[in-house]
Amino acid sequence: MFLTESMITRLRIAGKTILAQCVLLCVLLLAVWGGQRIYALIDTDTFPQPVALGEVSGLDENAKGKLLLDSITHQMRRELGSTFGWSANDILFNRFVLDNRAYRQYGVYHATRMLIDLYSTQIAKLGSNDRESDFLYKARLNSFAIDPRKFMFPSAESAYEKGLKLCESYKKGLDGGSPSKKGSDGATSVYNCRTDDIYASFNMLVGENMLGYALGLLENAQDINFYTLDNRIYEVQGIVLVARDFVHALNTLYPDLINKNNTGNMKAAMEYLDKICVYDPLYITSKVNSGELIISYLLFAKNRLEDIRDSLRI
């Protein structure tokens, strides 16, 4: 069969049209990629390293207590001091421009609040009947109880900054070296991390309020609309950022206890948590770059942390 002149002309037009569409698609993808890279230069969107703790050998227990608290609040302090500040309750940016960032911040808030509660009610006490630090009590019930997604007065930013100042007051109460050193308003600061507290910490990390909650966010990920799915993935990333810092701090401060027969478990858990903390694809859909990959990282990390937790009970 021979092609007529008109058929050749139509094929040429179709070919040029397809070529033009391919070029346009490539230009759009390049523009999105370039915009993402430029944004990364202005405001961090991947987090390859956990919080830096410095040299810890020779530290007394109170100094360890301050570092452990810093590991819990590190991500919130970083978000508050970042280029665009706290975006989770911004009227414009959290809905249209910086939504992934805003949801990551909500994940950071959720995990920070859970671990502050744990630290205050279990670790920063001499026993179950001991009085809770007034500084931490006020921080967790008054400051960190403000929902970051609501536009209200007082603002979430100012409430969290006040809570972080209360945490600093608690730390000053530990500076004298005595577990009952009093803060400026007469409240006591106590740090008394025991094996059962570390066990409780890992139990919290793998439980329904932390990694279990993160897994729940991505349940049936392939049935979630892409504009909801990407927000949930970044909320999970915020949770994991705080969890990774806390695990890293526990492992650094108490290596003899945690690393006993657990070196491989800890290394693997941190590797999977790191993968979530640097996850930042060009685009996310229910089929491509979906939540299934993050779910697998979460499950692997959760299983390894559960193994570490169970070893502490033996």
Next item on the list: Decide side-chain contact (heavy atoms from CB on, under 4.5 Å) for Leu53 and His248; before the verdict, give the C-alpha distance in whole Å, the side-chain angles of both, and the deciding distance to 0.1 Å.
Entry: CA-CA 9 Å; Leu53 299 177; His248 172 65; 4.1 Å; yes
Item checked: Hydrophobic cluster membership, Tyr137 vs Met114, 4.5 Å side-chain cutoff -> no
Note to self: If I compare all heavy atoms of Ile258 with all of Leu250, which pair ends up nearest, and what's the gap?
What the structure shows: CD1-O, 3.3 Å
Notebook entry, point to check: In a check of salt bridge (charged side-chain N to carboxylate O under 4.0 Å, His left out) between Glu168 and each of Lys165, Lys172, Lys171, which one passes?
Noted result: Lys171
Next item on the list: Drop me the distance from Gln75's CD to Gln237's CD, to the nearest 0.5 angstrom.
Entry: 9.5 Å
Next item on the list: Measure from the ring center of Tyr279 to the ring center of Tyr234 and say whether it is less than 6.0 Å.
Entry: no
Notebook entry, point to check: Within the side chain of Asp60, is there an N or O that forms a donor-acceptor pair under 3.5 Å with the backbone of Ala63?
Noted result: yes
Margin query: Test side-chain contact (heavy atoms from CB on, under 4.5 Å) on Asn259 and Tyr254; report intermediate values, then the result.
Written below: CA-CA 8 Å; Asn259 275 335; Tyr254 300 100; over 6 Å; no
Item checked: Donor-acceptor under 3.5 Å (Glu55 side chain, Ser57 main chain) -> yes
Check: Would you say the side-chain atoms of Tyr119 and Tyr170 include a donor-acceptor pair closer than 3.5 Å?
Finding: yes
Next item on the list: Dump the intermediate steps for side-chain contact (heavy atoms from CB on, under 4.5 Å) on Phe135 and Cys167, then the final yes or no.
Entry: CA-CA 7 Å; Phe135 297 127; Cys167 290; over 6 Å; no
Item checked: Short side-chain to backbone donor-acceptor contact, Ser120 and Ile116, under 3.5 Å -> no
Notebook entry, point to check: Can any side-chain N or O of Thr252 pair as donor or acceptor with the backbone N or O of Ala249 at less than 3.5 Å?
Noted result: no
Item checked: Main-chain N/O of Gln49 paired with Arg244 side-chain donor or acceptor, under 3.5 Å -> yes
Notebook entry, point to check: Would Phe300 and Tyr272 count as a close aromatic pair, with their ring centres under 6.0 Å?
Noted result: yes
Next item on the list: Mind listing the closest non-hydrogen atom pair of Ser143 and Ala159 along with its distance?
Entry: CB-O, 3.1 Å
Notebook entry, point to check: Could you go step by step and tell me if Lys162 and Glu157 meet the salt bridge (Lys or Arg N to Asp or Glu O under 4.0 Å) rule?
Noted result: CA-CA 9 Å; Lys162 184 177 180 180; Glu157 294 95 320; over 6 Å; no
Notebook entry, point to check: Are Asn262 and Asn265 close enough that a side-chain donor and a side-chain acceptor fall under 3.5 Å?
Noted result: yes
Next item on the list: Kindly say whether Tyr199 contributes a backbone atom to a donor-acceptor pair with the side chain of Asn203 at under 3.5 angstrom?
Entry: no
Note to self: Within the 4.5 Å heavy-atom criterion, are Ser311 and Asn261 side-chain neighbours or not?
What the structure shows: no
Checklist line | Listed partners of Arg194 passing side chain to side chain contact (heavy atoms under 4.5 Å, CB included), at least two apart | finding: Asn192, Asp196, Asp197
Item checked: Heavy-atom pair of closest approach, residues Leu241 and Cys277 -> CD2-SG, 3.6 Å
Checklist line | Within-4.5 Å side-chain heavy-atom neighbours: Glu132 and Arg140 | finding: yes
Margin query: Counting C-beta onward and ignoring hydrogens, is there a side-chain heavy-atom pair between Tyr109 and Thr112 closer than 4.5 Å?
Written below: no
Notebook entry, point to check: Taking His110 for the side chain and Asn209 for the main chain, is one N or O donor matched with an acceptor at less than 3.5 Å?
Noted result: yes
Check: So do Leu67 and Val56 actually touch side chain to side chain, heavy atoms under 4.5 Å?
Finding: yes
Next item on the list: Working to the nearest 0.5 Å, report the span between CZ of Arg304 and CG of Leu273.
Entry: 12.0 Å
Note to self: Strictly below 4.0 Å, N to O, side chains only: are Glu235 and Arg232 in salt-bridge contact?
What the structure shows: no
Next item on the list: Mind listing the closest non-hydrogen atom pair of Met210 and Leu205 along with its distance?
Entry: CB-O, 3.2 Å
Note to self: Is there a side-chain contact (heavy atoms from CB on, under 4.5 Å) between Leu217 and Ile233? Walk through the geometry before answering.
What the structure shows: CA-CA 8 Å; Leu217 287 172; Ile233 286 176; over 6 Å; no
Margin query: For the backbone of Asn231 and the side chain of Arg104, can you confirm whether one donor and one acceptor N or O come within less than 3.5 Å of each other?
Written below: no
Note to self: Once you measure the plane-to-plane angle for Tyr160 and Trp86, does it fall in the parallel (<30°), tilted (30-60°) or perpendicular (>60°) bin?
What the structure shows: perpendicular
Notebook entry, point to check: From Leu69 CG over to Leu136 CG, what is the distance, rounded to the nearest 0.5 angstrom?
Noted result: 6.5 Å
Notebook entry, point to check: With side chains defined as the heavy atoms from C-beta onward, is the minimum distance between Gln105 and Pro148 less than 4.5 Å?
Noted result: no
Note to self: With a 3.5 Å distance limit and no angle check, can you tell me whether Glu306 reaches the backbone of Val206 through a side-chain donor-acceptor pair?
What the structure shows: no
Notebook entry, point to check: Which heavy atom in Asp245 sits nearest to a heavy atom in Ser71, and how many Å separate them?
Noted result: CB-O, 3.4 Å
Margin query: How long is the straight-line distance from CG of Leu164 back to OG1 of Thr73, given to the nearest 0.5 Å?
Written below: 6.0 Å
Notebook entry, point to check: Are any of the side-chain heavy atoms of Arg131 and Asp134 separated by less than 4.5 Å?
Noted result: yes
Checklist line | Distance (rounded to the nearest 0.5 Å) between Leu298 CG and Leu211 CG | finding: 6.0 Å
Check: Leu141 and Ile146: same hydrophobic cluster, using ILVMFWY side-chain contacts below 4.5 Å?
Finding: no
Checklist line | Nearest heavy-atom neighbours spanning Pro48 and Val278 | finding: CA-CG1, 3.5 Å
Checklist line | CG on Leu293 to CG on Leu218, rounded to 0.5 Å | finding: 10.5 Å
Next item on the list: Indicate whether any N or O donor in one side chain lies under 3.5 Å from an N or O acceptor in the other, for Arg101 and Ser82.
Entry: yes
Notebook entry, point to check: Taking NZ, NE, NH1 and NH2 as the nitrogens, is one of them in Arg313 or Asp310 under 4.0 Å from a carboxylate oxygen of the other?
Noted result: yes
Note to self: Closer than 4.0 angstrom, basic N to acidic O: yes or no for Glu61 and Lys64?
What the structure shows: yes
